[in-house]
Amino acid sequence: MAGQRAGSSDQDAGWWRDDEPGHGGDYRDDAPRRDDRPAVPRRRSDHHDDLPRTGGRAEARRAQQGRGAGQAGSGGHGGRGQGPADGRGAGRAAGRGRKKKRGRKKLVAWIAVGSLGLVVAAAGAVYWQLNGNISSFGDEGVSKDRPAGAQADAQGRVPVNVLLIGSDSRAGANKDLGGGEDGGARSDTTILLHVYADHKHAVGVSFPRDALVDIPPCLLPNGKWTKQQTGVMFNSAFSTGNTDAGNPACTQNLVEKLTGIRVDHTMVVNFEGFASMTSAVGGVTVCLPNDIHEGDLNPNLGHKGKLLYPKGIQKVEGQAALDYVRLRHGIGDGSDVGRMRRQQAFLSSLIKEVKTKGMDPTTLLPLANAATKSLTVDKGLDSANKLLSFGLSLKDLDLHDVKFLTPPWRFDKERIALVHPDVDQLWAALKADRTLDGEDASGGASPSPAAPTTAAAAPAPATPASGAGIRVGVYNGTTTAGLSTKAATALKAANFTVTSTGNASSQTHATTVVQYGPGEKANAQTVAALFPGATVESSTKAGISLVLGKDYAAAAGGSAGGGSAPAAPGPLPSSVAKETRSADDDPCSNVSFG
């Protein structure tokens, strides 16, 4: 309004606050005006309108200064206030001014409290939404015979091993995404992620789904336990019990027995959750060496069909991302080995996408919301707090130091066999928290492999043992079931000929021994080289006999799993290094096989 006194609006009213200089000391704000009271500075409007205005804030200010205005003054002339009545009027007017100030403070406080309440309510809603999404499995199906947990390093940090399972369950919305009609669930992808103690390095090991292994006893839905299964496909562990939810505890039992490494957490993501995760991050960059058509994705189509993916780099999400990681045909030899390489490249790009956006709640919450809708976890990760805390613990992972690999393998007709002792060196290195170049995660040098415990122990060879032309009988000298089958598998993988398997005459052997007849010492030492710590001794009986002891049972995890005893950690064979990719590698490199 033209002519309005400066300071009479809400914005400028602060110039007469009670705490301004000159309002304290010996002067009372509600007392009559005194000649020795310091003058209070006054603001002037652009029109220099100094005439008193009656009512409202102006009245309160004049009353506070001891001057009447209108009916508040003597005779309504606006002069100095007279007597006690004048002081009481000024006090009431000043009180009205202070009440407005307190009212504004209360309003601001209530707005702040209300806003904080809305934030808390929103966070609570997100928390309950994520919690409501999560499914978990109990530990009743987890074996009681497990490897020991990882030890803390010198700084008190502990490595973490997470088993990641991609389920191809056709239950619910997954049926539309997977395109299949069969019930039950299978593990399309299984990766053991070893996060080193420093939480800056990690290695993800992909298990070939058609690798032949021995599956330990697993719990069925009816509460009964299966017997050990020998020489079966890896992914049949997840199918044990034939339920739509799958059997993650059985796969966990298998991985622990196979590797001798304790699994700290297990996570299962199905088709729907995987597709949602890729959309939540805005798509994932992938690369293909050639064009892919409908007929490549579905060989039963009978014709080439339309183009699905052009050759080269592109971004995929949702259904397209899911089809990419499941694609087998039309690239390389069509084997599962090539598909695993593409899956590793895909996960590398996914990690890079998340890291680029920032490992913070604004990135992780949408990703967690998408993932948890179709996520099944162990009890250690069965809440939003636990999941987000684990996700944030990985924020310092360096892309170059996140590695993916397939364990040393070879074709066994239409299936895959793991190669020993190369694969045993891999498990030993991870269990000891050694990087793939044989160093610890903090950059320290790897200790040299342990020396033989006896003078007769055969030294570990620089190259894998070759058993061509050597015949061996394998006997279990302990009460641990399945060891002879396990050792026989390792021997066959190294081209030895296994003549027989069974139990030794005594099941109290503490150490593994290779017994040899006349003229067989050199061959016996070749056998012992495959079983670190084994001793060799002569016998009057012809031929070579491998008698497995408790040392082998303990080092192998206590049960059959398809490999020999873990070797001392050290630099890994070249067969491991050539299979490795870093998360920051070119997305077009190493995405096919054959």
Side-chain angles (χ1 to χ4, degrees), residues 126 129-130 132-135 164-182 185-191 244 246 267-299 301 305-331 338-358 362-377 387 391 404 583 587-588 591:
V126 170
Q129 179 182 354
L130 293 180
N133 290 345
I134 300 171
S135 299
L164 308 172
I165 303 174
S167 167
D168 69 349
S169 170
R170 264 65 172 183
N174 296 291
K175 184 175 182 179
D176 296 330
L177 292 169
E181 298 294 334
D182 297 336
R186 287 155 295 277
S187 53
D188 233 26
T189 305
T190 305
I191 295 175
D244 288 338
M267 305 173 67
V268 183
V269 180
N270 63 24
F271 286 167
E272 184 183 5
F274 179 85
S276 298
M277 288 169 62
T278 60
S279 297
V281 297
V284 177
T285 300
V286 299
C287 185
L288 288 166
N290 50 264
D291 293 343
I292 298 298
H293 296 80
E294 284 181 302
D296 299 318
L297 185 64
N298 179 16
L301 187 64
K306 68 179 182 180
L307 178 68
L308 295 180
Y309 305 96
K311 175 182 178 179
I313 295 178
Q314 56 213 280
K315 211 163 193 179
V316 295
E317 63 178 271
Q319 179 75 61
L322 179 62
D323 289 343
Y324 174 88
V325 296
R326 300 187 69 232
L327 180 67
R328 282 186 72 163
H329 304 284
I331 308 176
R339 176 162 67 172
M340 285 190 297
R341 289 184 174 181
R342 288 187 293 280
Q343 290 172 348
Q344 292 168 0
F346 185 95
L347 289 175
S348 296
S349 291
L350 177 60
I351 294 171
K352 189 174 184 179
E353 200 74 45
V354 174
K355 287 281 288 183
T356 300
K357 287 180 168 58
T362 59
T363 299
L364 293 179
L365 279 174
L367 188 61
N369 184 46
T372 54
K373 289 178 180 178
S374 303
L375 190 68
T376 302
V377 297
L387 277 173
F404 289 97
C588 295
V591 293

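For reference, positions follow the sequence shown, starting with 1. All values below come from the heavy atoms of this structure, side chains included, with hydrogens, waters and symmetry mates left out.
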For the pair I331 and H329, evaluate side chain to side chain contact (heavy atoms under 4.5 Å, CB included) and give the outcome as yes or no after the intermediate values.
-> CA-CA 6 Å; I331 308 176; H329 304 284; over 6 Å; no

Nearest heavy atoms of [X] and [Y], plus distance in Å:
X: V269; Y: F274; answer: CG1-N, 3.5 Å
X: G330; Y: I292; answer: O-CD1, 3.9 Å
X: D296; Y: D291; answer: OD2-O, 4.1 Å
X: S349; Y: P587; answer: OG-CB, 4.4 Å
X: Q314; Y: P310; answer: NE2-O, 2.7 Å
X: V591; Y: R342; answer: O-CG, 2.8 Å

When rounded to the nearest 0.5 angstrom, what distance separates [atom1] in [X] from [atom2] in [Y]?
X: S167; Y: E272; atom1: OG; atom2: CD; value: 11.5 Å
X: R328; Y: M340; atom1: CZ; atom2: CE; value: 9.5 Å
X: L322; Y: L327; atom1: CG; atom2: CG; value: 11.0 Å

Sub-4.5 Å side-chain heavy-atom contact between L308 and D323 |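 No, every pair of side-chain atoms sits at 4.5 Å or beyond.
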
Do L164 and L347 have side-chain heavy atoms sitting under 4.5 Å apart?
->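 No - every pair of side-chain heavy atoms lies 4.5 Å or more apart.
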
Please indicate whether K315 has more than 12 foreign heavy atoms, meaning atoms of other residues, nucleotides or ligands, lying under 6.0 Å from its NZ.
->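 For K315, atom NZ is crowded (more than 12 foreign heavy atoms under 6.0 Å).
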
Would a distance-only check, ignoring hydrogens and angles, find a side-chain to backbone donor-acceptor pair under 3.5 Å from [X] to [Y]?
X: T190; Y: I165; result: no
X: T376; Y: V268; result: no
X: N290; Y: K311; result: no

With no hydrogens and no angle check, do the side chains of E294 and N298 hold a donor and an acceptor under 3.5 Å apart?
->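 Side-chain D/A pair, E294 to N298: absent.
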
Step by step, would you call M277 with V281 a side chain to side chain contact (heavy atoms under 4.5 Å, CB included)?
-> CA-CA 7 Å; M277 288 169 62; V281 297; over 6 Å; no

Kindly assign one of parallel, tilted or perpendicular to the pair Y309 and Y324, based on the angle between their ring planes and the thresholds 30° and 60°.
->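 The rings of Y309 and Y324 stand perpendicular, inter-plane angle above 60°.
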
Which one of R326, R339, Q344, Q343 satisfies the side-chain hydrogen bond (donor to acceptor under 3.5 Å, both in side chains) criterion with T189?
->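 Testing each of R326, R339, Q344, Q343 against T189, the sole residue satisfying side-chain hydrogen bond (donor to acceptor under 3.5 Å, both in side chains) is Q343.
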
Where do M267 and L387 land on the side chain to side chain contact (heavy atoms under 4.5 Å, CB included) test, with the steps shown first?
-> CA-CA 10 Å; M267 305 173 67; L387 277 173; 4.1 Å; yes

Tell me, with the steps shown, if L307 and H293 meet side chain to side chain contact (heavy atoms under 4.5 Å, CB included).
-> CA-CA 4 Å; L307 178 68; H293 296 80; 3.9 Å; yes

